[in-house]
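In what follows, a structure is listed as structure tokens, so that the remarks can point back to it.
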Amino acid sequence: MINAIGYVRCSTDRQEESLDQQRRSLESFAKSKGWKLKAIYADDAISGSELKRHGLDQLLNAAKADDVEVVLAWDRNRLARPKDAVDGLLLERELMQAGKRVIYAATGQESDGTFASGLISYVEHYQNGDYLRKLSRDTMRGTVERARRGCWPGGPIPFGFDRLIMDGDMPRRIVRSTLDGGQVVLEPTTERLLETLPKGKSHKKQEHETCTLIPSEPSRVRALQHLFTAFAEGLPTRRLRDELNAAGFRTSRGGYFTVPTIIPMLENPAYVGRCIYNRRTLSKWHRYREGASVERQDEGVERRPQEDWIICDEAWPALVEIAVFDAVQERRARSKASRCHYRGNAMKSDYLLTGLIFCGVCGGKLTGMTQKSGKGYKTRYYTCSRHSAGHKHECPKRYTVPADVVEQHILTIIGQDLLKLRNDKQLHTQVQDQLKRLSGGRVDAHEQLQRRLADLDQQLATLRDHLLSLAPDTAKSLGVYDQADRISEERTRVEAESASVAIAQPTPPSIAELRKRIAREFDHLGEVIASGTIEEKRELIACYVRTIKADPDHQTVHIGLYPTLLSQIVVVSPPCSWQWDVLHDLRPDRPGNTSPNDRFRRGSLKGPPQSSNQTDRTRRSGRVHRSLWHRW
């Protein structure tokens, strides 16, 4: 019996057959052919233009099995509605290259690789993509018109608002988000419950209906107004986040409030009753530009210039006063201006272990945090990024790891390991060979210039013989005098260049002198490491440290080092009475790995950073260091 697998998909536009109908059609088709339908993979509420789908990936993986011969779908538009028809052809080709027959139950067509089949497939994939292209154009036209009238253009409902669905001027339903991420549908006058939707499902309005915003229940409105007022008075966003979460409020998707979710709320003009559409484009098909829908050739989020925005004031009741909203925007502007913008937080951070140290509770990254005392003393810590962001359900532990202690300990053991190279004969020989190679280039240049001088002298001697054998007028007419002048000028230039090269040519030191110089440099190794830049220190630490894990339950920091560093333990007692044991794990990272010393000897690893006048940004006040102590 022939084994087959099937694929069904339901798009978000609700104009296609349902998943259950497609499943029954595939089962009936397979039964009529005498095939065994082993499995059916599905994607629910996902557009066919999205080629990265979970159900489609499962289908492609299952098609690699040898016992499967046929792949069934209801139609080509269920498999994909690609923006480029070639993408649909490549998808079918991937299935056929796995040795599978691709058959569509609605028409009985099979993609068999022939010219006729390929032509039909290309035309249908183009038509399927063109359907979404036209749908996107029509949808954008309707959305733009609704935004001009002050209707809600779409997207998540801002916290503090409910969605009011209108039929002309008649209110029909109120849609309100619940704490678990679901929705409830209420009768607009009495707020009687009409329908409850679970998380992941949203209430759909009819095509002829419109949507606007109205204030939600009073507790949410008061919390939103307090958020704006408190921020305008100077309260930090983290405190506001904690207050919202502690009061039991959640986002429209049922999640906890975080700083990244509060910042857009503070900048949302919807809270003063202003509807703004087209600040950014998410559609992969069209963009709204200069009053018209223009087809996009690229994809992704695109921020639109302000002249393309559609703005409607007093579109719905305002929840925040204009004066308070303006004060919030002024504080946001000052906050943005006071920060230098980099690409990534690690580039502007002076914490050396960023990207290497992780939380032992949730596995998230630890980020740097600086606390300033009332007297102005700063203390640097590492703390769990998930807990700090407000995701306390993922990481309930609140703890800090003293940054200076762990960083200085790692730099100390790196310095001790590098000191082993102080009397390394192989290193001395390698440095001497390198100096000889560098100076050898100048020796070669000097020899080439000397050979050129000898050649020019030979040419001048030949011309001298010609002048002796020719009459002066004949020699002048033949240009012998001019040729002699040119050769004399070139000889003077080459001779001067040869002399300068000979003066600048260095003399490599002997091996005994080289050992003394290297020993003197290693005696100041600590100063060299301390004077390095943040980037140089991170590069050096990355050669030794594989990963670091903080364990707050046992108050330990486990440091995984590349072999063959010695195992040591440092106990740190900061002022907050924490006691951190820094433990080293010396397991090899993977076969063939070598220690930094071995790589240094082979020349594949640069030595410690060179000394510079740059101030070490990690150096802190003496008072902070006196409050921390080490015991080996």
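Throughout, numbering of the chain's residues begins at 1 and tracks the sequence.
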Can you check salt bridge (charged side-chain N to carboxylate O under 4.0 Å, His left out) on E302 and R280, steps first, answer last? CA-CA 5 Å; E302 179 186 52; R280 61 178 184 173; over 6 Å; no
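- A donor-acceptor contact shorter than 3.5 Å is absent between the side chain of T261 and the backbone of F257.
- Nearest heavy atoms, P215 versus V221: CB-CG2, 4.1 Å.
- Atom NZ of K549 is surrounded by 12 or fewer heavy atoms from other residues, nucleotides or ligands within 6.0 Å.
- Here the CG-NZ distance, from D551 to K397, works out to 9.0 Å after rounding to the nearest 0.5 Å.
- Cation-pi geometry between R331 and F231 is met: under 6.0 angstrom from the ring centre, within 45 degrees of the axis.
- Between V184 and the options T178, L197, I174, a side chain to side chain contact (heavy atoms under 4.5 Å, CB included) holds for only T178.
- The two residues W285 and P82 come nearest to each other via the heavy atoms CH2-O, 4.1 Å.
- Within the 6.0 Å centre-distance limit, the rings of F228 and Y271 are counted as a close aromatic pair.
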Where do T383 and H387 land on the side-chain contact (heavy atoms from CB on, under 4.5 Å) test, with the steps shown first? CA-CA 8 Å; T383 184; H387 184 91; 5.6 Å; no
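- In this structure, the side chains of R172 and M166 stay at 4.5 Å or more apart for every pair of heavy atoms.
- Looking at H54 and D57, their side chains never bring a donor and an acceptor atom within 3.5 Å of each other.
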Take K83 and D87 through the test side-chain contact (heavy atoms from CB on, under 4.5 Å) and record every step on the way to the result. CA-CA 8 Å; K83 187 175 183 180; D87 293 333; 5.6 Å; no
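- Side-chain contact between R9 and R53 is present, with at least one heavy-atom pair separated by less than 4.5 Å.
- Between D242 and R239, none of the side-chain N atoms (NZ, or NE/NH1/NH2) sits under 4.0 Å from a carboxylate O, so this pair counts as no salt bridge.
- Among all heavy-atom pairs drawn from M265 and L227, the shortest one is CE-CD2, 3.6 Å.
- Under the 3.5 Å distance criterion, the side-chain polar atoms of S216 are left unmatched by any main-chain donor or acceptor of R220.
- No side-chain donor-acceptor contact under 3.5 Å links R296 and H286.
- When atom types are taken as modelled, the side chain of E394 and the backbone of H391 share no donor-acceptor pair closer than 3.5 angstrom.
- The backbone N or O of R289 lies less than 3.5 Å from no partner atom in the side chain of D308, so there is not a single donor-acceptor pair.
- A heavy-atom distance below 4.5 Å is not found between the side chains of C151 and T212.
- Within a 6.0 Å radius of CD in E321, no more than 12 heavy atoms belonging to other residues, nucleotides or ligands are found.
- Around CD of Q329, the count of heavy atoms belonging to other residues, nucleotides or ligands within 6.0 Å exceeds 12.
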Would you sort out whether I276 and I310 count as a side-chain contact (heavy atoms from CB on, under 4.5 Å), showing the intermediate values? CA-CA 6 Å; I276 300 181; I310 298 175; over 6 Å; no
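- How far CG of L356 is from OH of Y382: 8.5 Å, rounded to the nearest 0.5 Å.
- Around atom CZ of R149, more than 12 heavy atoms belonging to other residues, nucleotides or ligands sit under 6.0 Å away.
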Given side-chain contact (heavy atoms from CB on, under 4.5 Å), test L132 with S47 step by step and report yes or no. CA-CA 9 Å; L132 288 186; S47 173; 3.7 Å; yes
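- Going from atom CD1 of I413 over to atom CD1 of I410 covers 6.0 Å, rounded to the nearest 0.5 Å.
- Side-chain contact check for D162 versus I157: every heavy-atom pair is 4.5 Å or farther apart.
- Atom CG of L540 and atom CG of L411 lie 7.0 Å apart (nearest 0.5 Å).
- Counting only heavy atoms from C-beta outward, the side chains of Y277 and C312 never approach each other to under 4.5 Å.
- At least one side-chain heavy atom of T237 sits under 4.5 Å from a side-chain heavy atom of I263.
- Classified by interplanar angle (parallel below 30°, tilted 30° to 60°, perpendicular above 60°), the ring pair H393/Y256 is parallel.
- In summary, the side chains of T190 and E187 do present a donor paired with an acceptor at a separation below 3.5 Å, with no hydrogens or angles considered.
- Between R176 and E191 there is a salt bridge, since a side-chain N of the basic residue sits under 4.0 Å from a carboxylate O of the acidic one.
- Minimum interatomic distance between C275 and W316 (heavy atoms only, all atoms of both residues): CB-CH2, 3.4 Å.
- The shortest side-chain heavy-atom distance between L366 and V401 falls under the 4.5 Å cut-off.
- A donor-acceptor pair under 3.5 Å links the side-chain atoms of E407 to the main chain of L352, judged by distance alone.
- Shortest non-hydrogen contact noted between V328 and L266 is CG1-O, 3.7 Å.
- At least one donor-acceptor pair under 3.5 Å links the side chain of E536 to the backbone N or O of T533.
- Nearest heavy-atom pair across G55 and Y41 is O-CB, 3.7 Å.
- C395 pairs with exactly one of C359, S388, P552 by the side chain to side chain contact (heavy atoms under 4.5 Å, CB included) rule, that one being C359.
- In this structure, K537 NZ and L353 CG are separated by 11.5 Å, a value rounded to the nearest 0.5 Å.
- Other residues, nucleotides and ligands contribute only 12 or fewer heavy atoms inside 6.0 Å of the CD atom of E290.
- Taking the centre and axis of the six-membered ring of Y288, the NZ or CZ atom of R304 falls outside the cone set by 45° and 6.0 Å.
- With values rounded to the nearest 0.5 angstrom, I214 atom CD1 is found 10.0 Å from F161 atom CZ.
- In this structure, the side chain of Q183 engages the main chain of H203 through a donor-acceptor pair within 3.5 Å.
- Between the side chains of T143 and R146, at least one donor N or O lies within less than 3.5 Å of an accepting N or O.
- R332 has a carboxylate O that lies under 4.0 Å from a charged side-chain N of E267, or vice versa, which qualifies the two as a salt bridge.
- R173 has a carboxylate O that lies under 4.0 Å from a charged side-chain N of E209, or vice versa, which qualifies the two as a salt bridge.
- The cationic atom of R380 (NZ for Lys, CZ for Arg) lies less than 6.0 Å from the six-membered ring centre of Y351 and within 45° of the ring axis.
- Judged purely by atom type and a 3.5 angstrom limit, Q225 uses its side chain to pair as donor or acceptor with the backbone of L319.
- Side chain of R386 to backbone of C362: a donor-acceptor contact under 3.5 angstrom is found.
- Side-chain contact check for V557 versus I559: some heavy-atom pair is nearer than 4.5 Å.
- Between the side chain of S385 and the backbone N or O of K365 there is at least one donor-acceptor pair closer than 3.5 Å.
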